[in-house]
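The structure appears right after this line, and notes come after that.
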Amino acid sequence: MEDHIGGSSSSSDDDSAPAVIMPPPPHGHHIINEDEIIDLDAIDDNHHRRRRRNNYHRRQMRSTSGHPAIIDAIRGTGNIIDLMDHGPSSMVIERAAEEDAAVASGICDPNRVRNYKDMFRYASDLADGMPMNIHQDALTFSEERKKFLSNVLSTMSVNVHEEMNNSINILFDNNKQVDEHEFAFDVIAEYVDNIDYANDFEKLGGFHIFLPCIRSEHPTVRVKMCELIAKLVQHNPYCQEKFMENTKYPKALISMVENDPNDDVRIKALAAISSLIRENITVFWQFIDLGGKDLIINSLKAPIEKLKIKAVFIICSTSHMGNDVAEMYVDNGVVEIISSIIMGMEKNVEPSHHELFLSTLNQLIRMSPAKVKEICTSFVDFKPALTSLRDSYSNESDYQARYYVNWFLAYN
């Protein structure tokens, strides 16, 4: 159908070698995430999943809290807004004190309002359970008024599947303008930030838009397609595995990184690959079997700075998945490339990216200490370059980079 339109444990490499005791990370040490390097989501899985599930409802609350129907519904319950808008300031103060008392007693908690049902429940609690001294009649919800408010809220709901399906159809339509395609991408992206809707997108047949859009003559469409893939598969095993079931999809991304004439498209395609293979060892090795190893190494050597940054982030975020992964990188010259970059880093790499390169080498040392130490010590200029880097760090923001440099100097 897709073509129908035009834990890291250190181990020594040699069992006979002495044990290498690795020092603990510095206070406040954290694993670099791609948000800190170039706009992708945080690497922490549980946080990301919670964020994906909650963001949709929070956006809806922000976008509709001032909807006239809601305001009219609340006014219909006894002119609460009128009381708050036009009453004396003492009434507002007393009202706030009463609400604080209600929260303290457990009757209602405005901080827990996340969607329309929560808002309705909160309003009901205010009317039925909160102790009040004034305007009790104005704040009482009758059953008729509760039903009215519930009906208003139900009419404002969105059929997400219908919205996504309409957007998919737009992307299949060659007669649509580029801006219409871009808007369709934006609509889908708004929903698939929720992991359940991301899975539903695949079940609706949404993955079939990948190849036609990847082959689009418009760079903006190709960029949007890569961004959508990254959002769908990020920390989502279901979509990661479904994406890999059709090898044309990962091969198309690999081809984009290698051959696309637009640098932004190449960078976004590698970012999508990064989201695809992180935290999923099965998908990672499937990607390697399709030529992923050469892609990562060639991107690490690329003259495009952002492509190089994406590649080193992939190495940093996947090498902890197993010693066999780290050793694959070591055996294919990654340590030599990163060491060479570090030796010229003071002049050729943005200071904000120093920590990424240093922490990546540190991760490889922890996973394969004997081999990496031997490679690093073979560079006669490595220690002098590290010393120069250490002397160049003066700001508090350079703390992590300085820590890695000092550790390398002591270790080597």
Side-chain angles (χ1 to χ4, degrees), residues 1-6 40-41 45-60 114-117 154 156-174 176 180-216 221-254 256 268-269 271-284 286-287 290:
M1 286 181 64
E2 50 274 34
D3 294 313
H4 69 284
I5 69 165
L40 266 194
D41 293 321
D45 187 48
N46 291 329
H47 168 76
H48 183 82
R49 289 177 184 274
R50 288 195 300 271
R51 185 186 65 77
R52 290 188 73 167
R53 291 181 185 277
N54 292 338
N55 273 357
Y56 169 71
H57 297 296
R58 289 175 180 169
R59 281 191 295 271
Q60 285 221 338
R114 292 291 182 268
N115 52 44
Y116 297 137
K117 289 183 179 179
S154 66
M156 297 175 61
S157 62
V158 175
N159 188 326
V160 175
H161 291 170
E162 183 179 345
E163 291 282 311
M164 289 198 296
N165 197 57
N166 290 340
S167 297
I168 291 169
N169 290 334
I170 290 173
L171 293 172
F172 273 131
D173 190 347
N174 278 336
K176 297 293 184 181
E180 293 178 276
H181 284 169
E182 291 176 359
F183 180 76
F185 277 120
D186 291 339
V187 170
I188 295 170
E190 180 75 7
Y191 294 124
V192 300
D193 196 45
N194 179 305
I195 196 169
D196 294 326
Y197 289 146
N199 296 344
D200 290 343
F201 176 81
E202 187 278 330
K203 294 170 185 176
L204 288 170
F207 279 22
H208 295 303
I209 69 173
F210 290 162
L211 293 181
C213 292
I214 285 173
R215 295 166 182 162
S216 171
V221 172
R222 301 200 299 274
V223 165
K224 288 281 189 180
M225 187 70 263
C226 293
E227 290 175 342
L228 178 59
I229 291 172
K231 184 166 284 192
L232 286 163
V233 300
Q234 174 105 334
H235 301 298
N236 186 341
Y238 175 84
C239 283
Q240 288 173 330
E241 290 160 12
K242 286 294 182 181
F243 189 89
M244 294 300 293
E245 284 182 5
N246 187 337
T247 58
K248 290 181 180 180
Y249 299 157
K251 286 180 178 179
L253 286 180
I254 290 173
M256 291 176 83
K268 291 295 185 179
I273 289 172
S274 176
S275 297
L276 174 68
I277 63 178
R278 292 203 307 268
E279 306 303 327
N280 192 323
I281 190 64
T282 301
V283 169
F284 173 83
Q286 289 175 338
F287 169 73
L290 293 174

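The figures here come from the full heavy-atom set of this structure, side chains too, leaving out hydrogens, waters and symmetry mates. Position 1 is the first residue of the sequence; numbering continues from there.
Put simply, the side chain of R215 reaches to within 4.5 Å of the side chain of L211, judged on heavy atoms. For the pair H235/I195, no side-chain contact is recorded, criterion being any heavy-atom separation below 4.5 Å from C-beta on. Side-chain contact check for L290 versus Q286: every heavy-atom pair is 4.5 Å or farther apart. A 4.5 Å side-chain heavy-atom check between N169 and D173 finds every atom pair outside the cut-off. Residues L171 and I188 have side chains in contact (heavy-atom distance under 4.5 Å, counting atoms from C-beta outward). Contact annotation: the side chain of F172 approaches that of H208 to within less than 4.5 Å [non-hydrogen atoms, C-beta and beyond].
The side chain to side chain donor-acceptor pair (under 3.5 Å) test applied to N199 returns N236, not counting sequence neighbours. Judged as a side chain to side chain contact (heavy atoms under 4.5 Å, CB included), and not counting sequence neighbours, the contacts of F183 are V187. Judged as a side chain to side chain contact (heavy atoms under 4.5 Å, CB included), and not counting sequence neighbours, the contacts of D200 are H161, M164, Y197, K203. Here E227 pairs with K268 under the side chain to side chain donor-acceptor pair (under 3.5 Å) rule; sequence neighbours left out. Considering only residues two or more places apart in sequence or on other chains, N280 meets the side chain to side chain donor-acceptor pair (under 3.5 Å) condition with Q240. Listed by chain and residue number, nothing satisfies the salt bridge (charged side-chain N to carboxylate O under 4.0 Å, His left out) test with E162 (two or more places apart in sequence, or in another chain).
When all heavy atoms of I170 and E180 are compared, the pair lying nearest together is CG2-O, 3.8 Å. Nearest approach of R222 to S216, heavy atoms of both residues: NH1-O, 2.9 Å. A pairwise comparison of heavy atoms in V283 and L276 identifies CG1-O, 3.5 Å as the closest pair. Of all heavy-atom pairs between S274 and R278, the closest is OG-NH1, 2.5 Å. Considering all non-hydrogen atoms of both residues, C226 and L253 come closest at SG-CD2, 4.2 Å. Scanning both residues, A271 and A230, for their nearest heavy atoms gives O-CB, 4.4 Å.
Note on ring orientation: taking the six-membered ring where Trp is involved, the planes of F207 and F243 are perpendicular (angle over 60°, cut-offs 30° and 60°).
For H181 (side chain) and V221 (main-chain N/O), no donor-acceptor pair under 3.5 Å exists by modelled atom type.
From T282, atom OG1 reaches atom CD1 of I277 across 13.0 Å, with rounding to the nearest 0.5 Å. Note that CZ of F185 is 10.0 Å distant from OG of S167, once rounded to the nearest 0.5 Å. Taking CG of D193 as the start and CG of L232 as the end, the distance is 10.5 Å to the nearest 0.5 Å. Residue Q234 holds its CD atom at 9.5 Å from CD of E279, rounded to the nearest 0.5 Å. Note that CZ of F201 is 10.0 Å distant from CG of N165, once rounded to the nearest 0.5 Å. Taking NZ of K251 as the reference point, atom CD1 of I254 lies at 8.5 Å (rounded to 0.5 Å).
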Side chain to side chain contact (heavy atoms under 4.5 Å, CB included) assessment of M244 paired with Y249: CA-CA 7 Å; M244 294 300 293; Y249 299 157; over 6 Å; no

Stepwise side chain to side chain contact (heavy atoms under 4.5 Å, CB included) test for L228 and K224: CA-CA 6 Å; L228 178 59; K224 288 281 189 180; over 6 Å; no

